[in-house]
Every structure is written in C-alpha cells, then in structure tokens.
Amino acid sequence: MECGQFFRYKRVGDWYYIHSGNKFFRVRQDSDRLEFSGADKDFIRHFFSLDTALKDILAEIPQDRYTKKAFHLYYGLRLIRQDPWDCLLSYICSIASNIPKIQRCLDGLARAFGREVRLGEVKGYSLPEPDDVRNVAARHAVPLLKETGLGFRSNYICEISRTADRRFLESLKSLPYTEAKGRLMELPGVGEKVADCVLLFSLGFVEAFPVDRWIERALRTFYFKGQKVSPKLINSFARDYFGNYGGYAQQYLYYYSRTALGRDFFKK
DNA sequence: TATCAGGGCGATC
DNA sequence: GATCGCCCTGAT
C-alpha cells in the first residue's frame, strides 16, 4: 500500500481503508493471511494482482546486483491494478508534488465533488467522475478546484474531465503500448511520466517504465556511474534493458532507492 | 526571503 | 531536440 504507486488509502488501526472508483473497502494482513471486507474475493485478488505469477515475472527481468537485491528485499511487492480514472486524477495531482500533498489534493477533490461512501462506521468520499467535475464546471470549476490546493493542476483536471472519460481510458487497453501512450499524452497535463504511470498502474501495460526524479537518480547511479544522462537516453535505456516487465523492475528499484538506500545515498 | 519538489508546456535557439 | 522559465503550493 505504501510503496508510492497508490494514494487513495487511509490507515485506521491495522486496517487500510481503500478507495477505488466507487468501491470503498478495507484490508489487513496477518502474516500471510489477508482479511478484507467491502469487496469480494475476486476483486481483491485482481486489485492486488494476486493472480500474477510474481516469481516468473521477476525471472524475466535482468538479474544484476541492484535488481537482485531489490527483489530479495521486497519480494511480494506487486503492481496494484488501480481504477484508471482515479489513477489519472492521482497522477495529475502528483505533478511537481509529494505524497502528502497528493493525498491532500485527492481528498479535497473527493470531498468537494465526489460522493459519500460508507463502510461500517467509517465514512469516505470517492473521487468525482468526469461528469461530476464537468457539471460543476461550466463556470466555476477552476476556482472551486483551486480551493482544494490543486494550483495550476486545476486547469488540467477541468480540461481532462471534458475531453476524457472511462470509456476512453478503457479503450486504450486494446492498443499497443506506444499508441496508448500517445493517446494519453494528448490530454493536457499528461506528459511521458504521467502517461506511463497510468498505463502501468491501471491499464495493465507492465512494460511501461515511468521515469521520475527518483528513478532517474537511481538509474544514473546504478547504470551510468553517476554521470549525467539525458532524459531521452534514460528512457530508452530503461525500455531496452528491463524488457517486457520493466514496470515491475521500476517499482522494485524505485522502492529500493527510496528506502534501503535512503535519501543520503543520492546526496553529494 | 529564496529555493525546490515524485512534471508539463510553450518559447527559444 | 535540448534548454529554460513559468506554472500553484507547502516545506525547508
């Protein structure tokens, strides 16, 4: 839950309360046993990618000293299958931001435009559907959105709500990776990084390799002896080297670079 | 008070 | 196609 790919959770005691589309459910783990309520078994299995043969996937990725270490330390880490629309909103909020702020923005967005959902005593708000934003949108949406602290991201969300919907996102699944990415990048506020996040975390493109500042530093340090590398080279290296399951490599290396290595590793 | 962050965009060369 | 300033906001 907390490795940075997903933001719409809230911890209450040892439970994680999770929003995904209009679903609101909770899970907790007790050693190798997963308890849950608010969603059925099939959904949980799908959401957490418990149906994927993790071992086989990791075996497809080049085993160098860094990937091996990360796989060993965090074995069990999987890519969550997020709700595509929620995922798109989430990564628009992530632009030039950080996790606490992303979560604040999404929370504000949900409270202002989303719908109330309940699970037992616990109340939550799902993220607004494109229609929800669009309907308020006509005149006041941007100012209203800005009240949630979204800043310049407000315009992106407003525009995207007008030009994209769930059908559009769903239709991308049947396209080749490069085409799907191109279509996503036509949306305002969606560049390479955001597009790759949406493709990887919600549309099943496990070959997508989102390059953000952290992973860029990690790759530069691990594979380029710390030398300067152009964004373009980093991207093409990642795709060529890590292969068809690059997304899994990305997630392990990303988490590795942010935890085991720590920030100090990258400071001069 | 200035700078920067888990980017994108438009202008410029 | 590479680089740069700007975009809101919160943190340092």
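Proteins come first, then strands; the chains are lettered A, B, ... in the order of their sequence lines, and each starts at number 1. Both backbone and side-chain heavy atoms feed into the values below; hydrogens, waters and symmetry mates do not.
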Nucleic acid contacts of [range], taken as heavy-atom distances under 4.0 Å to DNA chain B:
range                       : answer
residues 234-246 of chain A : none
residues 191-209 of chain A : A:Gly191, A:Glu192, A:Lys193, A:Val194
residues 69-96 of chain A   : A:Ile95, A:Ala96

Distance-only donor-acceptor test (3.5 Å): side chain A:Arg258, base B:dG6: yes
Sugar-phosphate only, base, or nothing, as touched by A:Arg153 at under 4.0 Å among non-hydrogen atoms: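 The residue A:Arg153 makes base contact.
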Ring geometry between A:Phe24 and A:Tyr17 (parallel below 30°, tilted from 30 to 60°, perpendicular above 60°):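 The rings of A:Tyr17 and A:Phe24 sit tilted, inter-plane angle from 30° to 60°.
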A:Phe47 and A:Phe25 aromatic ring geometry - parallel, tilted or perpendicular at 30°/60° bounds: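 Plane angle over 60°, so perpendicular.
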A:Phe224: partners by ring-ring contact (aromatic ring centres under 6.0 Å, His included), with sequence neighbours left out: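 Once residues adjacent in sequence are excluded, the partners of A:Phe224 under the ring-ring contact (aromatic ring centres under 6.0 Å, His included) criterion are A:Phe237.
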By ring-ring contact (aromatic ring centres under 6.0 Å, His included) - contacts of A:Phe71 (at least two apart):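 Applying ring-ring contact (aromatic ring centres under 6.0 Å, His included) to A:Phe71 gives A:Tyr252.
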Could you state the [atom1]-[atom2] distance from [X] to [N], rounded to the nearest angstrom?
X        : N     : atom1 : atom2 : result
A:Leu150 : C:dC7 : CG    : P     : 17 Å
A:Gln250 : B:dG6 : CD    : P     : 14 Å
A:Asp212 : B:dG8 : CG    : C1'   : 14 Å
A:Glu2   : B:dG6 : CD    : C1'   : 16 Å
A:Asn155 : C:dC8 : CG    : C1'   : 10 Å
A:Ile157 : B:dG7 : CD1   : C1'   : 14 Å
A:Leu184 : B:dG8 : CG    : C1'   : 14 Å

Pairwise P distance, C:dG1 and B:dG6 [rounded to whole Å]: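 Rounded to whole Å, the distance is 28 Å.
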Whole-Å P distance, C:dC6 and B:dA2: 14 Å
What pairs meet the salt bridge (charged side-chain N to carboxylate O under 4.0 Å, His left out) rule with one or both residues in [range], with sequence neighbours excluded?
range                       : result
residues 79-107 of chain A  : A:Arg8-A:Asp107, A:Asp51-A:Arg81, A:Asp83-A:Arg166
residues 182-191 of chain A : A:Arg183-A:Glu186
residues 23-45 of chain A   : A:Asp14-A:Arg28, A:Arg28-A:Glu35

Any donor-acceptor N or O pair under 3.5 Å, side chains A:Tyr125, A:Arg111: no
Short side-chain N/O contact from A:Arg217 to OP1 or OP2 of B:dG6, under 4.0 Å: yes
What pairs of nitrogen or oxygen atoms, one from the protein and one from nucleotides 1-6 of chain C, lie under 3.5 Å apart?
none

Pairs flagged by side-chain hydrogen bond (donor to acceptor under 3.5 Å, both in side chains) wherever residues 232-251 of chain A is involved - sequence neighbours left out: A:Asp64-A:Tyr241
A:Glu216 bridged to A:Arg213 by N-O distance under 4.0 Å: no
Side-chain ion pair, A:Glu2 and A:Arg11, N-O less than 4.0 Å: yes
Of A:Met185 and A:Asn98, the one whose closest DNA chain B nucleotide lies more 5': A:Asn98
Heavy-atom donor-acceptor pair, A:Ser97 side chain to A:Ser94 backbone, under 3.5 Å: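 Side chain of A:Ser97 to backbone of A:Ser94: no pair is present.
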Under 3.5 Å: donor-acceptor pair, side chain of A:Glu60, backbone of A:Gly243: no
Name the atoms and distances for all side-chain donor-acceptor pairs under 3.5 Å in residues 171-181 of chain A, with sequence neighbours left out.
unit_1: A:Ser171; atom_1: OG; unit_2: A:Phe168; atom_2: O; d: 2.6
unit_1: A:Lys173; atom_1: NZ; unit_2: A:Glu170; atom_2: OE2; d: 2.7
unit_1: A:Ser174; atom_1: OG; unit_2: A:Ser171; atom_2: O; d: 3.1
unit_1: A:Tyr177; atom_1: OH; unit_2: A:Lys181; atom_2: NZ; d: 3.3
unit_1: A:Tyr177; atom_1: OH; unit_2: A:Asp196; atom_2: OD1; d: 2.6
unit_1: A:Lys181; atom_1: NZ; unit_2: A:Glu192; atom_2: OE1; d: 2.9
unit_1: A:Lys181; atom_1: NZ; unit_2: A:Asp196; atom_2: OD1; d: 3.4
unit_1: A:Lys181; atom_1: NZ; unit_2: A:Asp196; atom_2: OD2; d: 2.9

Which atoms form the tightest heavy-atom contact between [X] and [Y], and what is the distance?
X        : Y        : answer
A:Ala249 : A:Phe242 : CB-CD2, 3.5 Å
A:Met1   : A:Phe6   : CE-CD2, 3.3 Å
A:Ala112 : A:Thr148 : CB-CG2, 4.5 Å

DNA chain B: stems of at least 3 consecutive Watson-Crick or G-U pairs whose donor-acceptor distances fall under 3.5 Å: B:2-5 with C:9-12, B:7-13 with C:1-7
